[in-house]
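A quick write-up on the structure given underneath.
In what follows, chains carry the letters A, B, and so on, assigned in the order in which the sequence lines appear, proteins first and then strands, with residues in each chain numbered from 1.
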Amino acid sequence: MKTAEGLKDIIKPENLVYRKSSLITDKPFSYCPGCGHGTTHRIIAEVIEEENLAENTIGVCPVGCSVLMYDFLDLDIQQAAHGRAPAVATAIKRLMPEKFVFTYQGDGDLAAIGTSETIHACNRGENILIVFINNGIYGMTGGQMAPTTLEGMKSSTSPYGRDVKMMGNPLKMTELVAMLPGTCYVTRQSVHTPAAVRKAKKAIKKAVGYQKKGMGTCFIEIVSNCPSGWKMTPVESNKWMEENMFAYYKPGDLKVPAESDADAENKNEQ
Amino acid sequence: MKGNEAIAEAAIRAGADAYFGYPITPQSEILEYLMAANPHERTGMVVLQAESEVAAINMVYGGAGCGKKVMTSSSSPGISLKQEGISYIAGAQLPCLIVNVVRGGPGLGTIQPAQSDYFQAVKGGGHGDYHLIVLAPASVQEMADFVELAFDLAFKYRNPAMILSDGAIGQMMEKVYLKPQKQRSTEVPAWATTGKTKERERNIITSLDLDPYAQEQHLLRLQEKYREIERNEVRFEEIMVDDAEFLLVAYGTSARVCQKTLQLARAEGIKAGLLRPITLYPFPYERIRSLASHMKIIVSVEMSMGQMVEDVKLAVNGQVPVYHFGRMGGVITEPEEVLEYLKTKI
Ligand SMILES: Cc1ncc(C[n+]2csc(CCOP(=O)(O)OP(=O)(O)O)c2C)c(N)n1
């Protein structure tokens, strides 16, 4: 064990391998231990910092566990009514096209009450990034069934498991929006392992690039866990997510800009 | 031009930054006019047909949160849909303009004019303790003039403002003098979300405060603002009230009807006068209270089952009898009917 004195020798800039993004405030996250919201916040902040975009970013947070995102990210942020973030972001981007605009939404927010705003923003090809946290449940209100809740999955409003005959089928919003010509980049990621976090971060970075070029809506689903809502430990919840959520919500890219578009971008950059 | 068109043209000329709306009779001409006028080329104004009134009002929230001059318009059922968003806008203290070209209801009701959204407009409409600034035009000229006035008041108080019109004034054609084109403002309010620079703290647009004591403080600040609006912004017009014994109180289309009633009444030697509230919130309580002492009776004339009459009664506070008269469901009250009613009460 190192003493505090000994640690001083180690904590030096040249030994630094990781630091908190300067865009993350000192306010402790309100998220439950092990939840994917915190990690996703972190990688968004990191990308915005690395891309030097803070002065030109406006975020839109939803109603849901992440309603207080503005407490944790040191950015200009608007808090939208439940489900309406894509409409709010539409106006922000239309009025300030040179800014980087993103929404951050849960599955109840985006895939239930806000389905219309989501589909229409994507269909208009609004030049925004939509980050979609799919944890298969309504976290904030205490674990009710979401449109994304898996068949047979228990929640406080499907206590015997989701019966798809009565309650409908889990909704794949990401597949839906991938069909729309307005979206340019649609991908499904997760943040439950270091490798997954790196990939998800790369996806956000790509989306920043596409938005700069005005290529249309970028839509990044983060399949996430909800240890409290699922009544599991963080480790159990991640395992359950891999075994069950990934089987239905298959990680990977659903839509990437065509090669020719990417080439055109590269030329523009030169 | 039509009242609805006057609103649209006045919005472009007032330097509005954006309009977001969804078609509904009797106000679709506003969106149609704006689309045809191509304001994006004229001034850079954004015009977008939203997928619903819900989306439109939330677009207004987003645009207003950036400190821009943004507006929406609709008619009664659409305004009902917007209420959650309007409440958020009031809670987050964002300036914007909402136009309601009222039609009869409840439900799908009728597409004909009515004044049955008074309660919704002046008492809140959505959830929570809040007020809109509510302007009631009685002519096409006022439809045009109140656009800029509404924006000015909205920005002065960081509060949503509503033009409460109706299908008659929206569809009516009158001569109108339009102001010259104003430049769109480049000023950025200090609270607007435009990207956090190093020179300032981050700007947050929200109506949320989970701490009840902090939320209460926020609501008290809103109340202070409403008291200030009540002190400064009451507007009304008086016609033949100096020697009047019988006072009609009416706004918008009903005020136009009552002007004719005054002529008919005076021709018969009945000393009737009219007070026309121009602001419905803040309401001219004080003026009606002081006028009441000279009157024998007061009649609130509205195209509804009697909504503003409650505010008239509050103002009069029992000094003299107060009645309501008016047709509803899209039926426009006739001046003669008002006179006949008045005579039954004299
Ligand atoms: C109009 C409206 N309806 C319902 C609610 C209550 N509500 C708050 S959060 C929420 C669900 C959030 O779940 P989700 O979007 O999945 O996000 P999570 O909390 O899981 O991150 C609901 C129904 C609300 N605030 N507003």
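Under the 3.5 Å distance criterion, with hydrogens and angles disregarded, no donor-acceptor pair is assigned to the side chains of B:E51 and A:S116.
For B:A56, no part sits under 4.5 Å from any heavy atom of chain A, backbone or side chain. With a 4.5 Å cut-off on non-hydrogen atoms, A:L73 touches chain B through its backbone but not through its side chain. Proximity to chain A (any heavy atom under 4.5 Å) is shown, for B:T194, by both the backbone and the side chain. Within the 4.5 angstrom heavy-atom criterion, atoms from both the backbone and the side chain of A:A81 approach chain B. For B:L210, the part lying near chain A is the side chain, with the backbone staying farther off; criterion is any non-hydrogen pair under 4.5 Å.
Of all residues spanning residues 21-44 of chain B, none has a heavy atom less than 4.5 Å away from chain A's heavy atoms. Close approach to chain A, defined as a heavy atom under 4.5 Å from one of its heavy atoms, is seen in B:Y61, B:G62, B:G63, B:G65, B:C66, B:K68, B:V70 of residues 60-80 of chain B, taken by number. Scanning residues 91-102 of chain A against chain B with a 4.5 Å non-hydrogen threshold yields A:A91, A:I92, A:R94, A:L95, A:M96, A:K99, sorted by number.
Of the residues considered (A:A54, A:P86, A:G59), A:A54 shows the highest number of contacts with chain B, using heavy-atom pairs under 4.5 Å. With respect to chain B, the highest number of heavy-atom pairs below 4.5 Å among A:N56, A:N123, A:T90, A:L75 belongs to A:L75.
You'll find the side chain of A:V67 stays beyond 4.5 Å of the side chain of B:T206, heavy atoms only. Within the 4.5 Å cutoff, side-chain heavy atoms of A:R84 are placed close to those of B:V54. With a 4.5 Å cut-off on side-chain heavy atoms, A:I77 and B:T193 do not count as touching.
Atom NZ of A:K27 has 12 or fewer neighbouring heavy atoms from other residues, nucleotides or ligands inside a 6.0 Å radius. In this structure, A:D26 places its CG atom where only 12 or fewer heavy-atom neighbours from other residues, nucleotides or ligands lie under 6.0 Å away. Counted within 6.0 Å of NZ on A:K202, heavy atoms from surrounding residues, nucleotides or ligands total 12 or fewer; the atom is thus considered open.
In terms of heavy atoms, A:H82 sits closest to B:E84 at N-OE2, 4.4 Å. The minimum heavy-atom distance between A:A87 and B:A55, with the atom names listed, is CB-O, 3.6 Å.
Here the CG-SG distance, from B:L208 to A:C61, works out to 8.5 Å after rounding to the nearest 0.5 Å.
In summary, A:E55 and B:K196 do not engage in a salt bridge, as defined by a charged side-chain N under 4.0 Å from a carboxylate O. Salt bridge annotation for B:R202-A:D76: absent, with no cationic side-chain nitrogen under 4.0 angstrom from a carboxylate oxygen.
Sorted by first and then second residue, the ring pair (Phe, Tyr, Trp, His ring centres under 6.0 Å) pairs with a member in residues 51-72 of chain A read A:F29-A:F72, A:Y31-A:F72; sequence neighbours excluded.
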